[in-house]
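Any value given below was found using the heavy atoms of this structure, including those in side chains, with hydrogens, waters and symmetry copies removed. Numbering starts at 1 and runs along the sequence shown.
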Amino acid sequence: MELAPSASLELRPDPWQRLLGLGSILSVIVLAVGLYVTNAANRAQQEADREQRSLTAQGQITDRFTASIEQLGQPGADKVDVRLGAIYALRRIMRDSAADRPAVVEILSAFVRVHSVGGAAAPTSARTDEATGTASVKDTRVPPPVDIHAALAALGDSDSLSDRPDLTRVDLSRTDLRRIDLAGMDLGLANLEGANLSDADLTDADLAGANLTDVELIGTELRGANLSGVDLRDVQMDRARLDHATFTGSSLVEASLRFAVLTGAGLSAADLTDADLTGADLTGADLFGVDLLGVVLTEANVERARLLSDWNIQCAVVGDQTRLPPGVNRPAADAHRNDPECRARRAEWAAVR
């Protein structure tokens with residue numbers, strides 16, 4: 001029995017399915033466009049929100065800045081707490097706003113210059129010397145007040161800042177800061193020209209590159225301080241404590257360091273020409289490459305100074321009480337003036353000075 005061949009089946013696409021597929025594609029496209037538009041709108045709104053927050057924050061900083069300036073200008077001992085609050089607010093602004101930092105530094109510097117002890121007449125009182133019967137003047141100055149100290153602390157505060165402030169704007173020139181505590185503060189590149197820092201505490205302070213022209217440092221604590229590259233020509237530093245201080249590349253020409261303590265100090269490559277170190281203690285001080293040309297070492301202790309040799313001390317002024325290291329020859333009393341080698345060194349130094 002033969003089977004008749006079956007007729008071929010022709011499958012035709014359903015037009016409704018085509019429409020449904022096209023609709024799905026269009027739906028996806030519409031959804032994608034919608035998402036893009038929504039995201040763009042969200043980004044624009046977020047940017048607008050950020051700008052608004054920035055404007056609000058800047059406005060708040062401006063308000064804080066204005067209020068702080070008004071409070072800082074309130075005079076009188078009874079307003080010291082108000083001034084302190086203003087200083088702390090400005091310190092916070094200096095941390096929060098890099099754009100406002102230079103203005104804050106200048107304002108705090110001006111506050112210190114105007115209101116430091118040296119800004120007013122020196123409080124003194126007369127007394128009679130019982131031994132001679134003559135009248136003398138007694139200095140009755142007190143350490144700078146707490147608001148001055150707070151302003152200086154803010155100026156020297158760089159550890160809490162994300163980037164180093166421009167310390168060239170710190171102008172404390174010709175201020176009287178005797179007995180002030182500036183221990184550990186960063187005053188590198190600051191202008192301290194003519195300032196009186198006698199008996200102040202600058203232990204571990206960073207003064208590298210600072211302007212110390214005509215500064216007074218009599219009896220000042222400078223232990224561990226960084227004074228690299230500083231011009232200290234003619235500066236008065238008698239009785240200063242300079243243990244382990246660093247003077248690399250500094251100029252101490254004709255500086256007075258009578259009875260100063262320089263134990264362990266780094267004086268490598270410093271210029272000490274004609275400095276007065278009478279009675280100074282240089283135990284353990286680093287004198288590598290230092291020519292002690294004309295340096296007065298009468299009664300000084302250089303017994304254990306490092307890298308001290310006949311060459312270093314050949315042109316120094318020494319006395320019978322100068323304590324020298326074993327093996328180092330004591331130069332003649334007039335060698336610094338008459339020795340041909342010393343005269344040649346003097347001429348060479350004067351030519352390049």
Let me have the donor-acceptor pairs involving side chains of residues 258-270, under 3.5 Å, with sequence neighbours excluded, atom names and distances please.
{"unit_1": "Arg258", "atom_1": "NH1", "unit_2": "Asp276", "atom_2": "OD2", "d": "3.2"}
{"unit_1": "Thr263", "atom_1": "OG1", "unit_2": "Asp243", "atom_2": "OD2", "d": "3.1"}

> Can you pull the disulfide bond (SG atoms under 2.5 Å apart) pairs that have at least one residue in residues 281-353, sequence neighbours excluded?
Replying inline: Cys315-Cys342
> Hey, does the side chain of Arg95 reach the backbone of Leu90 with a donor-acceptor pair shorter than 3.5 angstrom?
Replying inline: no
> For Leu172, does its backbone N or O pair with a side-chain atom of Thr175 as donor and acceptor, under 3.5 Å?
Replying inline: yes
> Is the shortest heavy-atom distance from the side chain of Val105 to the side chain of Met94 under 4.5 Å?
Replying inline: yes
>> Please check: side-chain N/O of Asp334 versus main-chain N/O of His336, any donor-acceptor pairing under 3.5 Å?
In response: no
>> Determine whether a donor-acceptor pair (N or O, by modelled atom type, separation under 3.5 Å) exists between the side chain of Asp234 and the backbone of Gln236.
In response: no
> Do other residues, nucleotides or ligands put more than 12 heavy atoms under 6.0 Å from Glu348 CD?
Replying inline: no
>> Applying side chain to side chain donor-acceptor pair (under 3.5 Å) to Asp171 and Ser109, what does each step give before you reach the verdict?
In response: CA-CA 6 Å; Asp171 185 358; Ser109 297; over 6 Å; no
> CE/Met185 to CG/Leu207 distance, rounded to the nearest 0.5 angstrom?
Replying inline: 11.5 Å
> Looking only at heavy atoms, which two atoms of Asn329 and Ile313 are closest? And how far apart?
Replying inline: O-CG2, 4.0 Å
>> If I take atom CG from residue Leu242 and atom CG from residue Leu257, how far apart are they, to the nearest 0.5 angstrom?
In response: 6.5 Å
> So, are Asp96 and Arg92 salt-bridged, with charged N and O less than 4.0 Å apart?
Replying inline: yes
>> With a 4.0 Å cut-off on N to O distance, would you call Glu254 and Arg233 a salt bridge?
In response: no
> Taking atom CG of Leu177 and atom CZ of Arg113, what is their separation to the nearest 0.5 Å?
Replying inline: 11.5 Å
> Partners of Phe247 by ring-ring contact (aromatic ring centres under 6.0 Å, His included), sequence neighbours excluded?
Replying inline: none
>> Quick one, Ile180 and Leu152 - any side-chain contact, counting heavy atoms below 4.5 Å?
In response: yes
> Which atoms form the tightest heavy-atom contact between Val215 and Ala195, and what is the distance?
Replying inline: CG2-O, 3.1 Å
>> I'd like to know if the side chain of Arg178 and the backbone of Asn196 have a donor-acceptor N/O pair within less than 3.5 Å.
In response: no
>> Show the nearest heavy-atom pair for residues Gln314 and Pro331, with the distance to one decimal.
In response: O-CB, 3.6 Å
> Considering all heavy atoms of both residues, which atom of Ser250 and which atom of Gly229 are nearest to each other, and what is their separation?
Replying inline: OG-N, 3.2 Å
>> Ignoring hydrogens, what is the shortest heavy-atom contact between Ala245 and Leu222? Give both atom names and the distance.
In response: CB-O, 3.6 Å
> Looking only at side chains, do Asp271 and Ser251 share a donor and an acceptor under 3.5 Å apart?
Replying inline: no
> Could you go step by step and tell me if Thr283 and Asn301 meet the side chain to side chain donor-acceptor pair (under 3.5 Å) rule?
Replying inline: CA-CA 7 Å; Thr283 302; Asn301 181 9; 3.3 Å; yes
> Which pairs, with at least one residue in residues 318-328 and sequence neighbours excluded, count as a side-chain hydrogen bond (donor to acceptor under 3.5 Å, both in side chains)?
Replying inline: Glu303-Arg323
> Remaining members of Leu293's ILVMFWY cluster at a side-chain heavy-atom cut-off under 4.5 Å?
Replying inline: Val253, Trp349
> Quick one: CG on Leu297 to CG on Leu324, what's the gap to the nearest 0.5 Å?
Replying inline: 8.0 Å
> Can we say Lys79 and Asp147 salt-bridge, meaning some charged N sits less than 4.0 Å from an Asp/Glu carboxylate O?
Replying inline: no
>> My understanding is that a hydrophobic cluster links ILVMFWY residues whose side chain heavy atoms are under 4.5 Å apart, including indirect links. Using that, what else belongs to the cluster containing Tyr88?
In response: Val80, Leu84, Val146
> Can a donor-acceptor pair be found between the side chains of Ser309 and Asn312 at a distance below 3.5 Å?
Replying inline: yes
> CG/Leu287 to CG/Leu282 distance, rounded to the nearest 0.5 angstrom?
Replying inline: 6.0 Å
>> Show, in sequence, the C-alpha distance, side-chain angles and deciding distance for Thr298 and Val318, and conclude whether the side chain to side chain contact (heavy atoms under 4.5 Å, CB included) test is met.
In response: CA-CA 5 Å; Thr298 307; Val318 301; over 6 Å; no
> Which value, rounded to the nearest 0.5 Å, describes the distance between His244 atom NE2 and Asp286 atom CG?
Replying inline: 12.0 Å
> Does Asp339 pair with Arg345 as a salt bridge, N-O distance under 4.0 Å?
Replying inline: no
> For Ser198 and Thr220, which heavy atoms make the closest approach, and how far apart are they?
Replying inline: CA-OG1, 3.6 Å
